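Okay, so here's the structure we're looking at.
None of these values were measured; they are calculated from a predicted model. Order of appearance sets the numbers: ligands from 1, and atoms from 1 within every ligand.
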Amino acid sequence: MSQKPEDFFKNIISHSKEYGYIFQSSEIYDGLSAVYDYGQNGAELKKNIREYWWRAMVQLNENIVGIDSSIFMHPTIWKASGHVDAFNDPLIDNKDSKKRYRADVLIEEHVAKIEEKIEKEVEKAKKRFENFDETMFRSTNGRVAEYQAKINEINSRFKNALNDGNLAEVKQIIVDCEIVDPVSGSRNWTDVRQFNLMFSTSMGSVAEEGNTIYLRPETAQGIFVNYLNVQKTGRMKLPFGIAQTGKAFRNEIVARQFIFRMREFEQMEMQFFVKPGTEMQWYEHWKEERLKWHLSLGLGRENYKFHDHVKLAHYANAAADIEFKFPFGFKELEGIHSRTDFDLKQHEQFSGKKLQYFDQEANISYVPYVVETSVGLDRLFLSILSSSYKEETLENGETRVVLSLPPALAPIKVAVFPLVKKDGLPELAQIIVNLLKFDHIVTIDEKDTVGKRYRRQDAIGTPFCITVDHQSLEDDTVTVRYRDTMKQERLKIDKLAKFLDEKVSLKSLLQLL
Ligand code: ATP
């Protein structure tokens, strides 16, 4: 069914509320901006995604271990990491709409629009010429060259402006590119200002001074400050990784894209400690491994692309994003960064403690380099939810809404339906639930026609429905119905456990890696 992307996105948002996936936080008090709660199905899906990531990192890699550090940390950590001084976003307001934007995002979106124009030229030419050579076309076509030159110029001005901290130049780029406010359509912009994204609070008795602490804006620093504890107690040898999942908090300027950009969110990060000089090889390795992990979810290769950073963060010597095609376009899903020895060196300096590794082979001590993989659990949730949501028109003209979630991640794995509420069918259904519930989340549904029950489970994304009918009493078989194809087959009850193990266990996904 073709519909406008914004309508499609609205449908996903209302569907996720209707089926217990995501609720606006504090809804009965009119909500809290950019903060969301996960409902009964959302919490399960989120837990399964987290678990899949954790197992892929920690269980499948002998040299990666996981930790769980606190949200509150010593305030000097954020001084050392550079967050107190530099964790800023450049903000700009439109004087007519009174809407606030991130200046960098406005410029990046402008560049993306020019890139789209190039893509269109390429597509047009592809249709026109046989034996089309795309590289040749890009380098020789006048219009494409003009667009490309414009992109290069904006990128280079933008990179220099950010490097020099020249906010007037950032504004000038917006003016020169004639970027308009998407709401008011006007070019009436304020100056660009820096805005620190960290939330602060105080610890201990309120009257004391100097007790300001921050809610962590990333989980990574909890890994860095525990690097030596883990290395020593786990007798870890380079290269090795430390993984962690947990909440992070950012006072985001623009928070208008549902769970894509939240002020309280969850990250899943892994810092991989390596010998200096080998970081580029590991950076490439983790780029490839992380893409493979995303692809194993089966959401389609065409939905992912790499984006190499134009401007590197203060700590990085290489950085790329894995972007996903969200309903509002390709956007960052995960970051892979080569962070050099920046963080550990800073913590050495600010704490006065050595954070070195003794390399027995080379007989020297050094501060390891770090390659980081950092993905937002909520963004991952949105990528899975939005690409699984389908509105299908059936042969009888009815619309079927189905969430074709990867079965291993679905909140409910099986719904068991007694065909009627009598003749011992509910009792047999309960026996089946008892048989499966130790391994999977199983639900029993007795209300309405079987057709309606199918629709309900399709909308929740339950991969299998089992119907218990009168034949089941005679030959111990049940009907198993597949969510995506709607095909049915009869299976012996004692074969159900094995069947589900193969189809819906996390192991089935992990084996693809
Ligand atoms: P963006 O450019 O979109 O603000 P970022 O580059 O600041 O993201 P990182 O600091 O690299 O993001 O954080 C790593 C990951 O954490 C991101 O790839 C994203 O998936 C997730 N993330 C970051 N900020 C948010 C947020 N406000 N809400 C939800 N997820 C987030």
How far is [atom] from its nearest protein heavy atom, and which residue and atom name does that atom have?
atom	value
atom 28 (N) of ligand 1	M262 N, 2.9 Å
atom 13 (O) of ligand 1	Q267 NE2, 3.3 Å
atom 19 (C) of ligand 1	R379 NH1, 3.4 Å

_Atom indices of ligand 1, in the order listed, that fall short of 4.0 Å to a heavy atom of G376_ = 15 (C), 16 (O), 19 (C), 20 (O), 21 (C)
*Proximal ligand 1 atoms for S374, defined as those under 4.0 Å from one of its heavy atoms*: 13 (O), 14 (C), 15 (C), 18 (O)
Answer yes or no: does an N/O atom from [X] fall short of 3.5 Å to an N/O atom of ligand 1?
X	result
E332	yes
V375	no
I259	no
E252	yes

_Among F265, F381, F260, which one puts a heavy atom closest to atom 22 (N) of ligand 1?_
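Among F265, F381, F260, the closest heavy atom to atom 22 (N) of ligand 1 belongs to F265.
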*asked:* Which option wins on minimum heavy-atom distance to atom 9 (P) of ligand 1: R250, E334, Q257?
replied: R250
*Give a yes/no verdict on a cation-pi contact between K287 and F306, requiring under 6.0 Å between NZ or CZ and the six-membered ring centre and an angle within 45° of the axis.*
yes
*Please say whether the positively charged group of K331, taken as NZ for Lys or CZ for Arg, lies over the ring of F326, i.e. under 6.0 angstrom from the six-membered ring centre and within 45 degrees of the axis.*
no
Under 3.5 Å donor-acceptor pairs involving side-chain atoms of residues 504-513, not counting sequence neighbours:
{"residue": "S505", "atom": "OG", "partner": "D501", "partner atom": "O", "Å": "2.7"}
{"residue": "S505", "atom": "OG", "partner": "S508", "partner atom": "N", "Å": "3.4"}
{"residue": "S508", "atom": "OG", "partner": "S505", "partner atom": "O", "Å": "2.5"}

*Pair E116-K113, salt bridge (charged side-chain N to carboxylate O under 4.0 Å, His left out): steps then yes or no*: CA-CA 5 Å; E116 265 170 38; K113 273 191 202 140; over 6 Å; no
Counting only heavy atoms closer than 4.0 Å, does ligand 1 sit against the backbone of [X], its side chain, both, or neither?
X	result
E108	neither
L333	backbone
H337	side chain
R261	both

Distance-only check: which donor-acceptor pairs under 3.5 Å involve side-chain atoms of residues 237-247, not counting sequence neighbours?
{"residue": "Q244", "atom": "OE1", "partner": "S69", "partner atom": "N", "Å": "2.6"}
{"residue": "Q244", "atom": "OE1", "partner": "S69", "partner atom": "OG", "Å": "3.2"}
{"residue": "Q244", "atom": "NE2", "partner": "S69", "partner atom": "OG", "Å": "3.0"}
{"residue": "Q244", "atom": "NE2", "partner": "T219", "partner atom": "O", "Å": "3.1"}
{"residue": "K247", "atom": "NZ", "partner": "E264", "partner atom": "OE2", "Å": "2.6"}

*Flag the pair E44 and R50 as a salt bridge only when some basic side-chain nitrogen lies within less than 4.0 angstrom of an acidic carboxylate oxygen.*
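No salt bridge links E44 with R50.
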*Between R290 and E334, is there a salt bridge with N-O shorter than 4.0 Å?*
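Looking at R290 together with E334, the answer is yes, because their closest N to O distance falls below 4.0 Å.
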*Quick one: are the ring centres of F23 and Y38 less than 6.0 Å apart?*
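No; Y38 has its ring centre 6.0 Å or more from that of F23.
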_Which residue in the set K150, K171, R157 passes salt bridge (Lys or Arg N to Asp or Glu O under 4.0 Å) when paired with D176?_
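Single pass found, and it is R157.
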*Side chain of R263, backbone of L32: donor and acceptor closer than 3.5 Å?*
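The answer is no, because no donor-acceptor pair under 3.5 Å joins these two groups.
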*Compute the minimum heavy-atom distance from R263 to ligand 1 and say whether it is under 4.0 Å.*
no
